[in-house]
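Please read the structure below before turning to the comments.
The analysis underlying the following values was restricted to heavy atoms, covering all of them including side chains, and did not include hydrogens, waters or symmetry mates.
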Amino acid sequence: MAPSAAERTVIENCAIATVDADDTEYASGYLVLAGNRIESVGAGSAPAGLENVVRRIDASGHLATPGLVNTHHHFYQWLTRGMATDHNLFDWLVALYPVWARIDEEMCHSAAQGSLAMMARGGVTTAMDHHYVFPHGSGDLSGAIVRAAAETGVRFTLARGSMDRGEKDGGLPPDFAVESLDDALAATEETVARHHDASFDAMTQVAVAPCSPFSVSTELMRRGAELARRLGVRLHTHGSETVEEGKFCHELFGMGPTDYFESTGWLGEDVWMAHCVHMNDSDIAAFARTRTGVAHCPSSNARLAAGIARVPDMLKSGVPVGLGVDGTASNESGELHTELRNALLINRLGTHRETALNTRQALRLGTYGGAQVLGRAEQIGSLEAGKLADVVLWKMDTLAHASIADPVAALVLGAAAPVTASFVDGRQIVDNGRLLTVDEDAVARSTREQAQRLARIAAQR
């Protein structure tokens, strides 16, 4: 808990969705932030006699929620938005890998700033990046991404990816954009040593994240899992994203993706997979039995025509599920708060129809569910005393939402709600929809320049 001498911020007169175990909500309540922790939350006015109150916020007309938690992204793709817009996954990868293979440190930093800025101004307080493209001689890409997250002020997990199956070995990426098995493992271990913080209030953590079954050797999958568990960090990869991936696994390994993952040590409560669109009953049962998590990316799955993930069945079985933006070459908006709505709507097109997800479940996917998937449910994902002060105030009294009586329904089903204030670790990083930590206009100019530079370089090859 925060010490009694900590500086306090008092937020009052707002609706509150705590997303705690009981889905406690207050029509009008308060939050007290003390240092980087939530000290108290409840109905009515804040307790009288609080000491060291440095700020009081009258949040009338607002909904307070936990900060949103993004569980899957590829920041570098900010520079290749709007390309290959009518492709399925494999054709999309074939079209874009030759471009991605030309990225460098300067491009990665700029793209990470753009990706993070867009998410943060839309209510994300914890982000992650699955970065797996490390062209030879491209510089310190992991360091550039971590630096961008620190500059933006968000809590961050870097999933240090890798690929060792290039074109000559039957993979999709160019050979000069993949690493050798030993180099990938050594660089991943070095990244954990340099950047991973295991403390309760960590701002940066690292996961071991070979890219996917069709771009990574079985040995890298197996040894990557061993490395992660030796170092005490989490594991992340893509899984069961498309029908083609399932066929690939059956042809190459003689089994489906889930059985392949289990054979290489890639199921467990320290693992989360992106997408998991094509899962049968036994796959879901295996994930539930092992508490393997899922990053659900509804917009990207639709953009690439991958299909509808069986999220209602996963949740019913006890599989931890969070939401992901995915890379912005397959979700050009780059915003997680729109995924609350898309998750609900797209899943209602599936077999469960109107009973697939409700608005509270959608909000839980984007907050506590994401915290579970990242292994941080004890620290973030709900508004409870003792948790880290990652809080968002959504303005709900404008034309877009004022006539919707239920603020959670307004947030999930209505237009994208403005963010009046976003706090990460007790520090305000967004004020009235604008970032306080970086210059958005400068970031926009930088990303445009780097996208044009990447396009020129790729066209010359």
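- With rounding to the nearest 0.5 Å, the separation of CG in L89 from CZ in F214 is 5.0 Å.
- Remark: side-chain polar atoms of N70 are paired, donor with acceptor, to backbone N or O of V325 under 3.5 angstrom.
- One distance of note links CD of E245 with OH of Y260; it measures 10.5 Å at 0.5 Å rounding.
- For the residue pair S60/D58, the side-chain donor-acceptor check at 3.5 Å is satisfied.
- Using modelled atom types and a 3.5 Å distance limit, the side chains of T188 and T191 yield no donor-acceptor pair.
- Under 3.5 Å, the side chains of S333 and N331 contain a donor-acceptor pair of N or O atoms.
- No side-chain donor-acceptor contact under 3.5 Å links S330 and W92.
- In summary, the side chains of R376 and Q379 do present a donor paired with an acceptor at a separation below 3.5 Å, with no hydrogens or angles considered.
- Side-chain polar atoms of N342 and S299 form a donor-acceptor pair below 3.5 angstrom.
- Checked against the 6.0 Å centroid criterion, the rings of H296 and H72 do not qualify as a close aromatic pair.
- For D283 and H278, the side-chain atoms include no donor-acceptor pair closer than 3.5 Å.
- The distance from the CG atom of L388 to the CD1 atom of I38 is 8.0 Å, given to the nearest 0.5 Å.
- If you check the side chains of Q428 and R55, you find a donor sitting under 3.5 Å from an acceptor.
- In this structure the side chain of H238 reaches within 4.5 angstrom of the side chain of Y132, judged on heavy atoms.
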